[in-house]
S.K.: 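Can you read through this structure? Questions will come right after.
In each ligand, atom 1 is the first atom listed, and ligand 1 is the first ligand listed.
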Amino acid sequence: MKFEEFRLTEPVVRAVLAEGYTRPTPIQAKAIPHVMQGRDVLGCAQTGTGKTAAFALPILHRLSHGRPRTPHGRPIRALILAPTRELAAQIGDSFHAYGRHTPLRSAVIFGGVSQHPQTRALREGVDILVATPGRLLDLMEQGFVDLRAVESLVLDEADRMLDMGFIRDIRKIVAQVPARRQTLLFSATMPADIRALADTILHEPVFVQAAAVSSTAETIQQAVYFVEKRQKPAMLAHLLRTSAIKRALVFTRTKHGADVVARHLSRAGIRAEAIHGNKSQNARVRAITQFKSDRPPVLVATDIAARGLDIDEISHVINYDLPNVPETYVHRIGRTGRAGASGRAMSFCDSSERPFLRDIERLIARTIHVIRPDGDLALPPAPRPEAAENPPCQRQDSTSPRQPGVGYRLRGRPRSRRLAVR
Ligand code: AMP
């Protein structure tokens, strides 16, 4: 299938082709026709499947054809809610790129930074607003945002928004959007609370889903090091020194742990920064920006701090501590091995963490290659091809079979994350 077949407005098609996209991804092929028709959509798709364009392109198309701007300014006609500033910024970038040949204007608002540039943009008028729920509600309460003209509402990564405790904010925001609207809800997983939310805010939705772009097992070499807790610092320094590391993301379970590890590495002469919830927003942004340019090449993070972190070319993910929630392991290691590049995921497992390893192996349905510290420190061979797949999403009431992962290649910053449903 070709993009031209959707009959999207010409300026949008031109922008898409300029991005170098040759054909729609499966989620785009399934969702775009329905969104263009104005249907509500419940989409089960992870980041990395091309889901942003799946909603952005038809929204741009519809807004280009819809009501022109009024003499009273430019009302917000599309609202996109996202859990994190990073994801909101990415979505904003996508709207900007795909809408560059249209007269439509978009803005992104999120917390943790001054609100003034955001309120200025809102005053000047935007057609499309991308926002995190907290800051949006804040600006709504201050009277800067009027949602009465919204025609399309998108909830992206809805499961993460719920995990992050945004449900009340979301309900308050949705209450301000006209009932006669199009609503699109995308989520990587479909637990009961998402289905309950979907039932209340979507109207006769079409259900579409796409499997992960490729499973982590295909592109990521995984190894686990059986070590004792006290050996972890030295082992980490050793691995960072001896592996061909471009960028390494090291995960710890606690904020304190992240600081301790980063300090230890710095003392060992390895440039490293830590990011976690106790650091200021500025320190976090600085650390991430520097990490993107390889200086330092090592970032130590807690899971919460790493949420939404979108950096390609992370060559190594190191689990300094194994997560006690097995899905977290899949999230963590999905940050490497993107775009078909080979990534490495190394995990330290001390005796107290063995049960976590068992849970992880059960979830990913494979045994992770074990390396003992006094033995061979070389990396394991590539994973065996018979590694089982986990469906990225399931819906109890869905009768549609899961789409097979076809190893679809995305341009740009493809991500391969395999999530599983408990
Ligand atoms: P997303 O899942 O929306 O975050 O998209 C993941 C990546 O895929 C982004 O870098 C997009 O630029 C890229 N992408 C989206 N649609 C396509 C397409 N049809 N062909 C190639 N790359 C795409």
S.K.: Report, in ascending order of atom number, the atoms of ligand 1 lying under 4.0 Å from any heavy atom of Phe3.
M.R.: 19 (N)

S.K.: Sorted by first residue and then second, give each side chain to side chain donor-acceptor pair (under 3.5 Å) pair with at least one member in residues 162-173; sequence neighbours left out.
M.R.: Arg171-Thr200

S.K.: Geometry only, no angles: is Pro24 polar-contacting ligand 1 at N/O separations under 3.5 Å?
M.R.: no

S.K.: Among Val35, Leu184, Val41, Ile32, which residue satisfies the side chain to side chain contact (heavy atoms under 4.5 Å, CB included) criterion with Val208?
M.R.: Val41

S.K.: Is it the case that more than 12 heavy atoms not belonging to His96 sit under 6.0 Å from its NE2 atom?
M.R.: no

S.K.: When only distance counts, is Thr52 in polar contact with ligand 1, meaning an N/O pair under 3.5 Å?
M.R.: yes

S.K.: Any donor-acceptor pair under 3.5 Å linking the side-chain atoms of Glu361 with those of Thr367?
M.R.: no

S.K.: Does an N or O from Arg23, backbone or side chain, lie closer than 3.5 Å to an N or O of ligand 1?
M.R.: yes

S.K.: Which atoms from ligand 1 have a heavy atom of Lys51 less than 4.0 Å away?
M.R.: 1 (P), 2 (O), 3 (O)

S.K.: Enumerate the ring pair (Phe, Tyr, Trp, His ring centres under 6.0 Å) contacts for residues 136-186, please, sequence neighbours excluded, ordered by first and then second residue.
M.R.: Phe55-Phe186

